[in-house]
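Accompanying notes for the structure given below.
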2 protein chains.
Amino acid sequence: MTADTPTRRRGKALEQAIYQAVWDELQEVGFPKLTMEGIARRAGTSKPVLYRRWPNRKSLMIATIHHFLPGLRSLPDGGSLRADALAVLRILRERLLDVGRATILGILMESADDPRGDDELLSALVDYLKEFMEKSVFLRAVERGEIVPEQVTGRLLTLPLDLARIEFFITGDLPERSLEEIVDVAFLPALGLRPPHGTRTAG
Amino acid sequence: MTADTPTRRRGKALEQAIYQAVWDELQEVGFPKLTMEGIARRAGTSKPVLYRRWPNRKSLMIATIHHFLPGLRSLPDGGSLRADALAVLRILRERLLDVGRATILGILMESADDPRGDDELLSALVDYLKEFMEKSVFLRAVERGEIVPEQVTGRLLTLPLDLARIEFFITGDLPERSLEEIVDVAFLPALGLRPPHGTRTAG
DNA sequence: CCCTTAAGATACCGTGAGTATCTTATTGAT
DNA sequence: ATCAATAAGATACTCACGGTATCTTAAGGG
C-alpha cells in the first residue's frame, strides 16, 4: 500500500494528508459510510495515527472542516443592501454545499450527548457570517441611508441566513432562486424596503 | 424481568408497550444512547419482536413519533393574523420539544443514505403545519382584510415555521420570546403589517 | 383439545469505534 | 557517523450495537 511512498511522513505533512483523505472520503462514500479505517487506508496510514491526533471521529471531522473552510477576510461592497445580502448568502451556499447536508447533520447529531465542538462547527459554517451581516452588510446600508441603525436587530440580522440554512438542512440544496426569494420576499420587506423593479419575486 | 407479567402480550397491546418503551427510553437515555436492546428490555420483550414489526431502528423511531404526535384537527380562530400565527408556532414548539433536538437530527441524519421515511418524519413534525398556516392562518387573515390573497406566497407561508425550527435545531430550545420576536420583527413586517402597540419587540 | 401463530429467549454474525502492543523509519543531538 | 528518543505504521484486540437465525413455549381460535 505504501510501496511507492517509502518516506514515512510526520507532523504537518502527515496531518495535511489526513485532512485530504477525510475530505476525499467524504466526497466519495459520504458521511454515513465514513469510517476511521477508510480514512486511514486512504491516507496511507493506520487508525492509531488518527487517534493520536484527535480523540474521536467527531473531532477529526470538525478539524477537517476548519481546515478546508478558513475564515473569510472581507466582503466587497456590492453597492446596495440587496446585493450585499445576496453575496453573503452565496458564500453560505458555497460552504454548505462543500460540506454537505449529511455531514453537517451527522456532526450536529453526534454532539447530542456531548455538544463540545458544535460551536466550532457552526461558527465555521454560519456564525462568522453573522459578523459579516452586521459589520459589512448592515453597516454599509446604514451609511447609504437605506435603513436606520435601529433596524439592526439580532433577528433581522440573521433572518436571511436562517432561512437559507433551514432550507438546506431539509432539502439538501439551496438554489439561486431561493436566495433571491429570501432576500426579495422576506428580508427586504421585513426591513420595510421593496426590491428594485424588474426583480422577479417568486410566488 | 417478566415474572410479574405472566401474560404474554400480543398484537396491539404489545405494540403499545413497545411505543411506550421507545418513548421512555428516549426521555431517559436520549437518542445517542438509544439501542434496540434497551428498548426491548424496557418493553419486557426481545429484539426479534421489534424486528418482526419494523425493518430497522429508524422505522421504529418514526412510527413511535407518529404514534405520540397524532395529526392536528383544527385551529381555533385567534381573532388576528398575529394571534393565529403565534398559536401555530406554539404547537410547533410543543412538538419539537416533545421529540427533542437530538432525536430529530438523529433521524434526519440516519436518512442520509436512505431518505425513505424522512418525509414522514418531517410531515409529522412540520409539514402539516404549513397546511394550517395556509388554510387557517392566512385564509382567515384574508377574510379579515389584514392581507390580500396575493401575499399568500410559499416563502412567507413558511417563514415563521422556518425561523422557529432552525432556532430549535441549533439551540435545542424555542422560548416564547423567540416566537413573538419572529412574528413581530420578521413575519408581520414582511407582510407590510405592524405589530399592535404595546407589543414588545426584542432588539 | 389441538393446531397455528407469534412471543420471547438465546446465541450468533458483521461492522466499526477505539485501544494496546510491537516493530521500524525518521530526526535531532552528540 | 552513530545513537537514542520519538512517533509512524501494522496488527490484533475489545466492546457495543444493528440485525438475523433458531428454538421453545404461551395464546387463542377453531
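Here is how names work: the chains are called A, B, and so on, in the same order as the sequence lines, proteins then strands, and each is numbered from 1.
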Lys33(A) NZ - dA17(C) C1' separation (whole Å): 17 Å

Sub-6.0 Å ring centroid separation between Phe31(B) and Trp23(B): no

salt_bridge(Glu176(B), Arg90(B)) N-O dist < 4.0 Å: yes

Sugar-phosphate only, base, or nothing, as touched by Leu34(A) at under 4.0 Å among non-hydrogen atoms: sugar-phosphate

Lys33(B)/Glu28(B) salt bridge by N-O under 4.0 Å criterion: no

Donor-acceptor pair (no angle test) under 3.5 Å: Arg10(A) side chain, dT27(C) base: no

Shortest non-hydrogen separation from Asp77(B) to Gly79(B) and the atoms involved: OD1-N, 2.7 Å

Residue whose closest nucleotide on DNA chain C lies nearer the 5' end, Leu14(B) versus Glu37(A): Leu14(B)

Rounded distance (Å) that lies between atom P of dC17(D) and atom CZ of Arg41(B): 9 Å

Nearest-angstrom distance from the residue atom CZ of Arg57(A) to P of dA17(C): 5 Å

Heavy-atom check, side chain of Ile39(B) versus side chain of Thr45(B), under 4.5 Å: no

Phosphate contact (dG9(D) OP1 or OP2) by Thr45(A) side-chain N/O below 4.0 Å: yes

Distance-minimising heavy-atom pair for Arg165(B) and Leu92(B): N-CD2, 4.5 Å

Spacing of Leu60(B) atom CG relative to dC17(D) atom P, expressed in whole Å: 16 Å

Angle of first-five versus last-five pair axes in the helix from dC1(C)-dG30(D) to dT30(C)-dA1(D), to 10 degrees: 10°

Interatomic distance, Met36(A) CE vs dT14(D) C1' [rounded to whole Å]: 17 Å

Pro48(B) side chain near Leu50(B) side chain, heavy-atom distance below 4.5 Å: no

Presence of Thr35(A) side-chain N/O under 4.0 Å of dG16(C) phosphate oxygens OP1/OP2: no

Atom pair distance, as rounded to whole Å: CZ in Arg9(A) and C1' in dT26(C): 13 Å

Protein-nucleotide distance (Arg42(A), atom CZ; dG9(D), atom P), rounded to Å: 17 Å

Lys12(B) NZ to dG28(D) C1', straight-line distance once rounded to whole Å: 19 Å

Sorted by number, the residues of residues 46-55 of chain B with heavy-atom contact under 4.0 Å to DNA chain C: Ser46(B), Pro48(B), Val49(B), Arg52(B), Arg53(B)

Residues Lys12(A), Glu15(A): salt bridge by 4.0 Å N-O rule: yes

Note, Ile166(B) side chain near Leu163(A) side chain (heavy atom, < 4.5 Å): no

